[in-house]
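Worksheet for the structure shown next.
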Amino acid sequence: MVTVSADLVARDPRLVGPDLLGLVLRQGTRAGRIIEVEAYCGTEDPAAHTYRGRTVRNSTMYGRAGLLYVYRSYGLHWCANVVCGVEGEGVAVLLRALRPLEGIEEMRVARGLGRRATAPPLTDRDLCRGPGRLTQALGIGGQHDGADLLAADRDVHLLDDGWRPESIEQGTRVGISVATDRPWRWWVAGSPWTSRPG
DNA sequence: GGTAAGATCAGC
DNA sequence: CTGATCTTACCA
C-alpha cells in the first residue's frame, strides 16, 4: 500500500477518473476499492457545482488537486469527490461505488443506522453501492470536506495496492438533468459492485 | 422573501 | 412512486 502522487490527480478529471478505478479509499479502519466514478468539469460542464462560480458549498472544489470535496446531496446524503486539475479550476471526480475491503462490520453498523427493524439484512453489496451509501459506510461527512487525500497519516486518504482493473467501461453520468450526453462515467467492467448494472 | 430543483436513498 | 430535508439560483 502506497500513497497516491499529486501528479495522478493534477490533470483533467476525464483522465483522472478512469485512473482512480482500482485505488483504495481509506477512512480510519474502513477501506474500499474504487469501482465507479464520474468527472465534473467546471465551467465547461453545466452539471458541475462550479459551473456558475464559487459558493460557500463548492469552495473546496477550487482547491488543489488531491483534496476531498464533500457536499450534501438532497439535504440528506454526503457525496465525496477527489479534487483534480490545477488550483482554482473547480474540477473533480465523484466517487460513486466502492468494493468494501476492510472494516466491513463497521460499515454494516454505519449503514444500518436509522433503518427499520423489519428491513432486510444488509448484504455486502448494499454497503458502498452509490455515492451516498459509500460515504455513510465509511463515516465520511462534512467534517472531511477539504481533507488531504494524498497524506497517509490522515484519517481519510487514497492508497494504491497495485490492483488494476482488467478492463474499464464508459458511459453517461447518473442522476443529472443537464449535460446528460457527456460520457464522463467510468466503472470496472463486469463488476458486481457498481451503483447500477453495467 | 418565496419557491423550485437538485451529482440520493429507503420504503411502500 | 414518494418523502425526507439542506443549499443555491432565480424571481418578485
Side-chain angles (χ1 to χ4, degrees), chain A residues 9 12-14 16-18 20-21 25 32 34-63 65 67-85 89-98 100 107-147 149 169-187 192-198:
Chain A
V9 287
D12 188 299
R14 289 161 291 197
V16 176
L20 288 180
L21 297 178
L25 180 69
I34 299 173
I35 296 296
E36 179 186 347
V37 299
E38 287 176 356
Y40 286 88
C41 302
T43 53
E44 68 167 286
D45 181 4
H49 288 165
T50 48
Y51 182 63
R52 290 181 183 79
R54 191 181 290 260
T55 64
V56 174
R57 174 174 75 158
N58 70 19
S59 67
T60 295
M61 202 169 151
Y62 290 96
L67 297 188
L68 183 67
Y69 166 47
V70 181
Y71 71 90
R72 207 194 272 280
S73 172
Y74 290 89
L76 295 157
H77 313 287
W78 296 103
C79 292
N81 300 254
V82 180
V83 176
C84 300
E89 194 178 359
V91 297
V93 169
L94 171 69
L95 305 179
R96 287 198 58 88
L98 306 178
M107 292 186 189
R108 200 180 306 285
V109 170
R111 289 273 298 119
L113 297 176
R115 284 169 61 91
R116 304 285 183 84
T118 58
L122 287 164
T123 67
D124 286 0
R125 273 185 85 231
D126 299 322
L127 297 179
C128 299
R129 203 164 46 103
R133 290 169 178 162
L134 74 88
T135 54
Q136 185 182 28
L138 268 66
I140 291 172
Q143 72 274 27
H144 296 105
D145 183 39
L149 290 170
E169 292 185 298
Q170 181 175 14
T172 53
R173 297 177 290 181
V174 174
I176 54 174
S177 61
V178 293
T180 52
D181 55 321
R182 290 147 163 90
W184 295 343
R185 172 174 171 247
W186 297 267
W187 63 94
W193 306 100
T194 53
S195 67
R196 48 187 60 192

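In what follows, every chain begins at residue 1, and chains take the letters A, B, ... in the order their sequences are listed. All values below were derived from every heavy atom in this structure, side-chain atoms included, with hydrogens, water molecules and symmetry-related copies excluded.
Between R96(A) and the phosphate of dT8(B), there is a side-chain N or O to OP1/OP2 separation shorter than 4.0 Å. OP1 or OP2 of dA7(B) has at least one side-chain nitrogen or oxygen of H49(A) nearer than 4.0 Å.
The partner of dA7(B), taking Watson-Crick or G-U wobble pairs whose two distances both stay under 3.5 Å, does not exist in any strand shown.
Sequence order on DNA chain B of the closest nucleotides to R72(A) and A119(A) puts R72(A) first from the 5' end.
Relative to the side chain of P131(A), the nucleotides dG11(B), dC6(C), dC9(B) differ in distance, and dC9(B) lies closest. In the set dT5(C), dT8(C), dA7(B), the nucleotide with an atom closest to the side chain of T55(A) is dT8(C). Which of dC9(B), dG11(B), dC6(C) sits closest to the side chain of R115(A) comes down to dG11(B). Nearest nucleotide to the V56(A) side chain, out of dA7(B), dC12(B), dT8(C): dT8(C). Checking dG6(B), dC9(B), dC6(C) against the side-chain heavy atoms of S177(A) singles out dG6(B) as nearest. In this structure, the nucleotide among dG11(B), dA7(B), dC6(C) sitting nearest to the side chain of R116(A) is dG11(B).
The separation between R54(A) atom CZ and dT7(C) atom C1' is 17 Å, rounded to whole Å. Spacing between atom CZ of R182(A) and atom P of dA7(B) amounts to 14 Å, rounded to whole angstrom units. Here the P atom of nucleotide dA7(B) and the CD atom of E36(A) are 16 Å apart, to the nearest Å. For the pair D126(A) CG and dT8(B) C1', the computed distance is 15 Å after rounding to whole Å. For I176(A) and dG6(B), the CD1 to P distance is 11 Å, given to the nearest whole Å. L94(A) places its CG atom 11 Å from the C1' atom of dT8(B), with the value rounded to the nearest Å. Atoms CZ (R125(A)) and P (dA10(B)) sit 13 Å apart, rounded to a whole Å. For the pair R57(A) CZ and dT7(C) C1', the interatomic distance rounds to 6 Å; values are reported in whole Å.
Considering only heavy atoms from C-beta on, V174(A) comes within 4.5 Å of R96(A) through its side chain. Looking at W78(A) and D145(A), their side chains never come closer than 4.5 Å, going by heavy atoms from C-beta outward. With contacts defined as side-chain heavy-atom distances shorter than 4.5 Å, the pair R129(A)/I35(A) does not qualify.
When the P atom is compared between dA12(C) and dA5(B), the two are found 15 Å apart, to the nearest whole Å. Taking atom P on both dA7(B) and dC10(C), the two are 14 Å apart, rounded to the nearest angstrom.
Under 3.5 Å, the side chain of Y74(A) and the base of dA4(C) form no donor-acceptor pair of N or O atoms.
Base contact: L76(A) has a heavy atom under 4.0 Å from a base atom. Contacts of R111(A) with the nucleic acid, taken as non-hydrogen atoms under 4.0 Å apart, involve only primed sugar atoms and P, OP1 or OP2. Within the nucleic acid shown, R52(A) comes within 4.0 Å of sugar-phosphate atoms alone, with no base atom in reach, counting heavy atoms only.
Residue side chain Y71(A) fails the stacking definition with respect to dA7(B), as its ring centre and the base's six-membered ring centre are not both under 5.5 angstrom apart and under 30 degrees in plane angle.
Defined by atom type and a distance below 3.5 Å, a donor-acceptor pair is present between the side-chain atoms of W187(A) and E169(A).
By the 6.0 Å and 45° rule, R14(A) stacks over the aromatic ring of W184(A).
The residue from R182(A), M61(A), H49(A) that alone fulfils the side chain to side chain contact (heavy atoms under 4.5 Å, CB included) condition with Y40(A) is M61(A).
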